[in-house]
Amino acid sequence: MHNRESLVKDSATNVCSPEKKADVTSLDEAFNLEQTLRKLVQSRKEAGIEGRELGVIFQDLRVVGLGATASHNDTIGSVLNPFNAIEFVRKARHPPIRDIINGFEGVVKPGEMLLVLGRPGSGCSTFLKALSNKRDEFHAVHGDVYYDALLPEEVTIHFRGDVTYCPEDDIHFPTLTVSQTIRFAARVRAPNSRLGRSRTEYANLATDLLMTLFGLQHAKDTPIGDAIVRGISGGEKKRVSICEALATRTCLTAWDNATRGLDSSTALEYVQALRTATDVGRLTSIVSLYQASELLYEQFDKVCVIYEGKMAYFGPAKKARQYFIDLGYEPANRQTTADFLVAVTDPNARIPRQLPIPIPRKASEFAASFLRSNSGKENKKEISSYRETFLGDEGKAGNYKRSAWAEHAKRARKTSPYILSLTMQTSAVVIRRWQIFRGAMAITLVNLFAFAFQGIIIGTVFLKVADNTAAFFSRSGVIYFALLFSALMAMAEIPALFSQRPIVLRHQQWGLYHPFIEAVALTIVDLPVTFLSTLVFGGLIYALVGLQKSAGQFFIFYLFVVTMGVVMRAYFRALSAACESEAAAQTLAGVSVLALALYTGYSMPLTSMIWALRWITYINPFKYGFDSLMTNEFRTINGTCNNLVPQGPGYEGVSLSNQVCTTIGALPGEPTVQGSRFVELAFGYSYNHLWRNFGIMIAFGVLFLSALFFFTEINTRTKNHSSVVLYKRGTEFDEVSTTTEDDVENAPESKDVTVPSSNNSQVLFNKIKTEDVFSFSHVSYTIETPDGQHKQLLDDVSGYVSPGKLTALMGESGAGKTTLLNVLAQRVDVGVVTGDHFINGHALPEDFQSQTGYCQQLDTHLPTATIREALLFSAKLRQPSSVSLAEKEEYVDKCLQMCGLWTQRNALIGSLGVEFRKRTTIGVELAAKPRLLLFLDEPTSGLDSQSAWNIMAFLRSLADNGQAILCTIHQPSAELFQVFDRLLLLKKGGQTVYFGKLGHNATTLIQYFEKHGSRPCGPAENPAEFMLEVIGAGATATVKEDWHQIWRESSENEIFQKELEQIIASGRSRPPVEAARRTEFPTSWGNQVIELIKRDASYHYRDATYLFAKLILNVFSGLFIGFSFFKKENSIQGFQNKLFSIYFGLVLSVPLSNQLQIPFLATRAIYEIRERPSRMYSWTALITAQILVEVPWNILGSTLYFLTWYWTSRFTTDRAGYAYLGVGVLLPIYYTTIAQAIASMAPNAEIAAILFGFLFSFVLTFNGVMQPFRELGWWKWMYHLSPFTYVVEGLTGAILGHQDVTCSAVEIVRLNPPGGQSCGQYMAAFISYAGGYLLNPDALADCEFCGIQSSDQFLGYSFNIFYDNRWRDVGALVGFIGLNIVAIYVFTYLFRIHTGSFLPFLKKAKNPKKDQSS
């Protein structure tokens, strides 16, 4: 440990004023701490560098938060209930507030470490945030807080980087490597004076020191990773967070639950490192810890005990134990000090002493007792003394400020909280953004592929467009789509921007860089990607379509498409920066896209827009880009007219003077139409405006970028409502109190668990008590790594689990604890497992998984289900059908009482704290009546010491009633460790180090290690920590002994092997355990579907946000599209507008489909993670229920859309019935089923959205609207395969068919008949076979002719839409719906269920799971 502590102390000098000159170039055994520190001190003196330190003093500290402690869950019914509107408005104006913490006072001096203890929800995190000046997320912070002589406002404005909060959650850029993450923090907080080292050298050395100190050198080039990107383990992420915070050289740091996910050895190393850093660097460290061992506790100077937001104690850590003993409470046997202090704040756990005077029981009484006590008075004296020393001492404040300003770069503003200048910040963040981009190269390549693929598809759809007038519409369409696709691709960035916001916010609060610098860097790094992707996309379209072949026109096309991409990226990023939630940003983005697409002038010309919405055109950058590209393309076109009137039989010799072209812009006697004239008359565009439009687009870009930078910089607040427990509507809040303040305290001997009585447990388990022994021998497990190598995770592991015994499975991180648990529970489907598994010496029964319970580390439940509903659902589907519903309900109620969940039975699981979620997980498994065995994976992870004790005491009571339990555990206290009967201890590589009894006070285990050469275990030492240290657990620890080999050669192993053989032999003398059922699942398929429908329907109904967003999107879009096409026009343009009104309604199915994929995948994840391995129900039942529950809600949404869209679009009432069948019934069923079919192939919602957008683009492209059927060429076969072909034809034909057309003035063409003929005589033959009508048939000149007489003629010729096909189209759509439903089942089976060699190219996409070697 000496070498490690040396490293700690050296690295500590980086922390507050660390410009080090020590010759530390390598981190080997020759490193000498004393010499290094001496050189350091001498070097700093010679350089004249001033150090600085910062303490904190606080009095009458009170933090007020938003939100009540308990509330009813909002449902879609309650949200839409008009009687609740008044209450909603009242809460919005006067939100409920409550004190989170109140009445805190104390001082933490430089060089001191404060430990903050309390139960979850008591206010520990709030206290840490208040002391670290992180105030924005609270409603109000009252009281006096001083950082020596500095006010909180001064620290925020000028010295933010010296006071930081390190959060519990480890959120980092997933594609950055470990070293890049730490090096960036070291670089941007490197001081100006680095004693001869460059900024890069300084950052590299600091990074190397920290990575070595925390055992991260092996992972320095590994990405951090997240749920999608494979990266480092959870414990390593926590160490990266610690290193990143230390690299910022802060003076005062609040560390929130910093040891979560670390094994006890690594946690101790971290706290020892922090102790040394605090001593040498004169830091102020405030740390909250759960399940702190005695060794950890001894590292701290002071401790603060929080009880329900009140300060129960603040003072020296050494005196805290005796203070509470004197107050009237006593610790349990072998209870650590930290556990005792937390237990005192729990009415169910504390042990009162028999005193003649009343002792405090309520939180307020504890706070008052402390203030009256000698410890409270000493605390006040220390506060007064410190205030007198620092407050008003301008000299000390001046020294501090000079030291801080001396660290600033030369061009940095001295009063800025950031050390670097703006240009240096930009340079550093741009480099980091480039590293992020390189790490995510796969995403970039996928985007490039998407651009190239879409370019090829669109290019071939509009392949080699002719130069005649019939292709004018197609040219307009390809230009419109080129711009639209470039804009739409920018929307995909919204989720990524919100996922990185917590990181940028944390860095801003740490004083690393301005938030807007991140936006600048993103824009700069993104430019080359935009140029390249647009060149690929635009170049393919330009070449394949055959747009005008001049260099100037291609350059303008490329310039405008690139500019549009940059402008729209800036817009969507600014929108994201301005919004507080991703849901709001996505909704506004969707509405924006609809407005941008509608008000461009392509689908609806300016003259067709209603005046109330026409203004949208003028603020639409899309319109200016489309205007310029249309004039750029058409200005050099002189299109040959291929629709001369009249022509055909009888008009062979007619001269041009007696013909006219019907295309807009045609002139009498002219065989061609000038493109520039067509564009001007049809759209009102002029080439003279091209560069004006470009300037306007640039102005929009500047505006959006400015908004992006502005909102990114100022919108840094995060909403933090206090945690609220939500209850099912209809239940009373007075049921929910878990304990009363004046409850009767438990006696010492009854300190086990908060259950009614042991009699209940006996009643509960008397039916499942068993004598069956589960054993396993020579179990090994090997997997194949991504690079093709084979890695052995388990190596020849043997053991057994007896009924009535609690067996612990322990080891350091990476030893294979969870892996072994999964292998034994038959829950692995990759890799090779060898070895034997027996029940009583016989092979496992076929339904082994059904006869066992498995409590995973992650508490995976449906968040909107109540606790009782979750347990009852488990009982209904996992207990046999022969058990009546009344018996199952009675059994569930007993389980609720046994688990201490009765008073919370109506609470929604998603709103519960960690302990009650863990209890629910156990309860769900108990409700299934596991006959053979109960597996648990780290049931105490993330819990405070008292909650951990409650869970373990509960498991002990289960074991005492005959349950066989195998349980992994991470950081047990000595008290928790005693709960277990046996231990299976693993080392790295999955090798056995010990299996056997623990003995009283773990004496058997300790004697084994001492007998084989370990150091002695101290009388007060935690045996669990002792054994882990002995075998070499920890981030940097190593041992010379091979404890696996020692075990194999030991006499204890020989005895164990004989025991195992005896168990197997005696078991074989009895009949084997038979399967409890003969079918695959306990209940019938029909019953499974019914129960799943009930659960899923409840899930939807209680998810008010999801349903409200769905309904609002339908209603708003219906009104917006309907009123956009409100003008009643029977002209050719009017009918085209109505066609687009229908078409844009179909496009709405894209965001609606993306919405519904999220709950579909969330429910499937619960099935795959927990319910499928338990053989709970069939996957076909789940799929059936999901379809049947989702469809009605989408029909309701589409019904609302229809009601708001149909009549506002001025369609006739007599066609409404068919229209409702199509829009209100069949369309929602279609998009529901195709969205679920595509989601069935995807591992997560992000990939499902990408797949859906990609595949749905085909549906939208080939339906004959964007490119008419007659122009599709080779792609006509796709027209017939596109479901929307039949939707568009059916709806458009039925709604618009069999109507007369009245041409507008611009659509009427004028021609002169030959001499002596009237207009009617001359045009009669043409009208008879081509259609159309004359306005003045008797005139002898200036014949006014309209080329379209009926809507059927217009729709049939232009779009291949026929009224008579409407019922055929209904049948085709029903067929496609049936195909979608079949696809949901087939894709689910192929991609999620099947694991064999059938169709090996369709690999099952795995859910991101916990690393199995943890």
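Only a predicted model underlies this, so the values are computations on that prediction, with no experimental measurement involved. Computation of the quantities below employed the complete heavy-atom set of this structure, encompassing side-chain atoms and omitting hydrogens, waters and symmetry-equivalent molecules.
- Taking 4.5 Å as the limit, some side-chain heavy atom of Val566 sits within range of a side-chain heavy atom of Leu527.
- Listed for the Gln425 side chain is a donor-acceptor partner under 3.5 Å among the backbone atoms of Leu420.
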Audit row: Leu497, Leu522, side-chain contact (heavy atoms from CB on, under 4.5 Å) steps and yes/no: CA-CA 10 Å; Leu497 292 171; Leu522 181 60; 3.7 Å; yes
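- For the pair Asn715 (side chain) and Ala577 (backbone), a donor-acceptor distance under 3.5 Å is present.
- Under a cutoff of 6.0 Å and an axis angle of 45°, Arg432 and Phe184 form a cation-pi pair.
- With hydrogens and angles ignored, the 3.5 Å screen pairs a side-chain donor or acceptor of Thr175 with a backbone N or O of Ile436.
- Here the closest non-hydrogen pair linking Ala585 and Ser576 is CB-CA, 4.2 Å.
- To the nearest 0.5 Å, atoms OG1 (Thr200) and CG (Leu205) are separated by 12.5 Å.
- Side-chain contact of His514 with Thr712: a donor-acceptor pair under 3.5 Å is absent, judged by distance alone.
- Under the 30°/60° scheme for interplanar angles, the aromatic rings of His507 and Tyr513 are found to stand perpendicular.
- Under the 30°/60° scheme for interplanar angles, the aromatic rings of Tyr270 and Trp255 are found to stand perpendicular.
- Between Gln508 and Phe516, every side-chain heavy-atom pair lies at or beyond the 4.5 Å cut-off.
- Under the 3.5 Å distance criterion, the side-chain polar atoms of Arg917 are matched with a main-chain donor or acceptor of Leu912.
- A salt bridge links Arg189 with Asp162: at least one charged nitrogen is closer than 4.0 Å to a carboxylate oxygen.
- Counting only distance, with no hydrogens or angles, the side chain of Trp510 and the backbone of Tyr165 share a donor-acceptor pair below 3.5 Å.
- Shown here for Leu708 and Ala519, the closest heavy-atom pair between the two residues is CG-CB, 3.9 Å.
- The side chain to side chain contact (heavy atoms under 4.5 Å, CB included) check on Pro174 picks up Asp226, Val229, with sequence neighbours excluded.
- The NZ atom of Lys237 lies 11.0 Å from the OG1 atom of Thr181; values are rounded to the nearest 0.5 Å.
- At least one donor-acceptor pair under 3.5 Å links the side chain of Arg506 to the backbone N or O of Ile171.
- The two residues Arg135 and Pro152 come nearest to each other via the heavy atoms NH2-CG, 3.6 Å.
- Side-chain atoms of Ile306 and Phe104, non-hydrogen and from C-beta on, do get closer than 4.5 Å to each other.
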Residue pair Thr253, Leu283: steps toward the side-chain contact (heavy atoms from CB on, under 4.5 Å) verdict: CA-CA 8 Å; Thr253 310; Leu283 309 183; over 6 Å; no
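- In this structure a side-chain-to-backbone donor-acceptor pair under 3.5 Å is present from Thr284 to Leu54.
- Ring centers of Tyr147 and Phe159: at least 6.0 Å apart, outside the cut-off.
- The side chain to side chain donor-acceptor pair (under 3.5 Å) test applied to Thr415 returns Arg413, not counting sequence neighbours.
- You'll find the side chain of Val116 reaches within 4.5 Å of the side chain of Ile286, heavy atoms only.
- With rounding to the nearest 0.5 Å, the separation of CG in Leu61 from CE in Met311 is 9.5 Å.
- To the nearest 0.5 Å, atom CD of residue Gln1157 and atom CG of residue Asn1244 are 10.5 Å apart.
- A side-chain N or O of Ser288 and one of Asp256 form a donor-acceptor pair less than 3.5 Å apart.
- The residues Asp526 and Arg573 are annotated as salt-bridged, a charged nitrogen and a carboxylate oxygen being separated by less than 4.0 angstrom.
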Stepwise side-chain contact (heavy atoms from CB on, under 4.5 Å) test for Lys129 and Ile100: CA-CA 12 Å; Lys129 290 175 182 177; Ile100 305 176; over 6 Å; no
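- The CG atom of Leu216 sits 11.0 Å away from the OG1 atom of Thr177 when rounded to the nearest 0.5 Å.
- Between the Lys238 side chain and the Glu168 main chain, a donor and an acceptor come within less than 3.5 Å of each other.
- Between Pro515 and Leu505, every side-chain heavy-atom pair lies at or beyond the 4.5 Å cut-off.
- Scanning all heavy atoms of the two residues, the minimum distance from His172 to Ser241 falls at NE2-OG, 2.9 Å.
- Ala190 and Arg199 make their closest contact through O-NH1, 2.9 Å (heavy atoms, listed as atom of the first residue, atom of the second, distance).
- There is a side-chain donor-acceptor pair under 3.5 Å between Arg160 and Tyr418.
- At least one side-chain heavy atom of Glu518 sits less than 4.5 Å from a side-chain heavy atom of Arg433.
- Between the side chains of Ser421 and Thr423, at least one donor N or O lies within less than 3.5 Å of an accepting N or O.
- Side-chain contact check for Val178 versus Ile224: some heavy-atom pair is nearer than 4.5 Å.
- Between the side chain of His408 and the backbone N or O of Ser416 there is at least one donor-acceptor pair closer than 3.5 Å.
- Relative orientation of the Phe58 and Phe127 rings is perpendicular, given thresholds of 30° and 60° on the angle between their planes.
- Taking 4.5 Å as the limit, every side-chain heavy atom of Tyr1106 sits out of range of all side-chain heavy atoms of Ile1158.
- The heavy-atom pair separating Gln1155 from Ala1109 by the smallest distance is NE2-CB, 3.6 Å.
- Atom CG of residue Asp208 and atom CD1 of residue Ile182 lie 10.0 Å apart, to the nearest 0.5 angstrom.
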Full working for side-chain contact (heavy atoms from CB on, under 4.5 Å) between Lys401 and Glu154: CA-CA 11 Å; Lys401 291 176 182 179; Glu154 287 182 88; 3.6 Å; yes
